[in-house]
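Lettering of chains follows the sequences in order, A, B, ..., and the numbering in each one begins at 1.
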Number of protein chains: 2
Amino acid sequence: MVFVSNLPEPPWSSHVARRPARAPLTREGITAAALAIVDAEGLDALSMRRLAEQLGCGPSALYGHVSGKDELLHMLIDHVAGEVEVPDPDPERWQEQLKDVMRATRNVFVAHRDLAGASIANIPTGPNVVRVVDRLLALLLAGGLSRQVAAYAADLLPQFVTASAYEWSRFEQRMEHEPEYFERLHAYYEALPADRFPVVADLLVELMAPDEEDDARFEFGLDVIVRGLAALAEP
Amino acid sequence: MVFVSNLPEPPWSSHVARRPARAPLTREGITAAALAIVDAEGLDALSMRRLAEQLGCGPSALYGHVSGKDELLHMLIDHVAGEVEVPDPDPERWQEQLKDVMRATRNVFVAHRDLAGASIANIPTGPNVVRVVDRLLALLLAGGLSRQVAAYAADLLPQFVTASAYEWSRFEQRMEHEPEYFERLHAYYEALPADRFPVVADLLVELMAPDEEDDARFEFGLDVIVRGLAALAEP
DNA sequence: ACCTGAACACCGTTCAAGT
DNA sequence: ACCTGAACACCGTTCAAGT
């Protein structure tokens, strides 16, 4: 099959009727290519023009399948939301289940670099995202939370994962292309005048505690929020 | 004084030595002009070129005073952090004090449109921001939190305010230039198939509960986080 | 129906040159 | 020392025209 392209043009082939050998654009193909760019280079590298280049078409061709960059980002978020699994609620251990869902969501986000940035301050509307919210609400109700508390928590929890995943990935990205960033930051805080910022100076070690692979700050926030929700669940 | 500019050129004045009548650029002036743009039109409207236009200079002139757009945004964040007041800690009522600081920070952010977006995923370094962190840490220690818990909380709390303020301002901005946005969102959620998303369908009213001026979702998250922290404060 | 080409109105940043 | 002019390498989006 590969050799065919090296043959001379058959005399009956019309030059006029030739179309590009590339497969026609689809929303799925566009989503996959966009995600590949984000995975390889991060959210900032994703532009309509770069995406078109990757797909071998002109930038304007994309607008036949996607209304604009906003919609493209929504499609990416919904696509990766499909990777998040939410278990059937078990009222006995809803807190651990809740934490596991949050961890799973965080891991899906950080697996796609700083994609979480596209999810900040965007109200979820895609089917996969709504599916996750639905299962999350079921879990919260199983935990004994009131209807309104569960509804508010379904905003707070995704806000927390999204912000945490975004911060983590941004820090990772910074360290990638400037490995001495953490050291510079540490040196800056160490050089702060202790008379003007006494508590910062006193807690320097604790403030600079490095996040390990499991993200201690994320686990802390998760613990605080779940404890707070549990306090509201008690009758 | 004003009439002087209407006089003919004095014969001894050199055309060569004339400089533009505009005041020379300063970091303070640049910060003020940038903030004015954000206040008037939002963070997306702030560009180095637009800012230069506002100041009556070429874009490249800015780079003599500011290393780039990143630093400019840091300067804006630190500038508004100066508007946040943090009281001296009173161990008896540290939880209410903490909430008040968070509310004050939120209000400062939303007073400057979606400026909070510039604070997301950026580690604080400016003097005013560090000052707020210092006072915040003092408050948390006064509440009986351990050193490491206080340090983690000093990350979690600003993350929460920033994300909340950003979401609020973005929603407000969307409603501003598309007043039917909330209705469209409501209609979308109402049209979701109840068999696929049973809990979302069941909690539709609670999920769509509108945020009033005081931002009920923010108050909820604040309550959850402070309860969680208080649970960790107990010995 | 789907795509191309070209254009419009923007970006952040650099750098030689001017005063 | 401070700023201008011009350029470089990009953006998102539109729209007439082509096949």
Pair B/Arg217 + B/Glu212, salt bridge at N-O below 4.0 Å: no
Base, sugar-phosphate alone, or nothing: which one does A/Gly64 contact when heavy atoms must sit under 4.0 Å apart? nothing
Reading DNA chain D from 5' onward, which residue's closest nucleotide shows up sooner: A/Ser67 or A/Ala45? A/Ala45
Run the salt-bridge test on B/Arg106 and B/Asp215 with the 4.0 Å N-O cut-off and return the result as yes or no. yes
Could a donor-acceptor pair under 3.5 angstrom be found where the side chain of A/Ser60 meets the base of C/dG5? yes
Whole angstrom is fine here: how far is it from CZ in B/Arg27 over to C1' in D/dA1? 17 Å
Return the value, rounded to whole Å, for the distance between atom CD of A/Glu53 and atom P of D/dA9. 14 Å
C/dA9 and D/dC10: how far apart are their P atoms, nearest whole angstrom? 22 Å
Separation of D/dC10 atom C1' from A/Leu46 atom CG, nearest Å, is 14 Å
Between C/dA7 (P) and A/Arg49 (CZ): distance, integer Å: 13 Å
Choose from C/dT4, D/dG12, C/dT13 the nucleotide whose nearest atom is closest to any side-chain atom of A/Ala61. C/dT4
Nearest whole angstrom, please: distance from the P of D/dC11 to the CG of A/Asp70. 17 Å
Nearest to side-chain heavy atoms of A/Met48, which nucleotide of C/dT13, D/dT4, D/dG12: D/dG12
For C/dA1, which nucleotide is its Watson-Crick or G-U wobble mate, given both distances must be under 3.5 Å? D/dT19
Given D/dG12, C/dG12, D/dC3, the nucleotide with the shortest approach to the side chain of A/Tyr63: D/dG12
Using the ring of each side chain (for Trp, its six-membered ring), is B/Phe171 parallel, tilted or perpendicular to B/Phe182, with breaks at 30° and 60°? perpendicular
Heavy-atom side-chain proximity of A/Leu185 to B/Thr125 below 4.5 angstrom: yes
Write down the distance between NZ (B/Lys69) and P (D/dC11), rounded to a whole number of angstrom. 15 Å
What does C/dC10 pair with, Watson-Crick or G-U, if both distances are under 3.5 Å? none
Integer-rounded Å distance: D/dC15 P and A/Leu62 CG: 17 Å
Write down the distance between NE2 (B/His65) and C1' (D/dT4), rounded to a whole number of angstrom. 14 Å
Would A/Glu219 and A/Arg103 satisfy salt bridge (charged side-chain N to carboxylate O under 4.0 Å, His left out), going step by step from the backbone distance to the final call? CA-CA 9 Å; A/Glu219 284 296 328; A/Arg103 290 181 189 119; 2.7 Å; yes
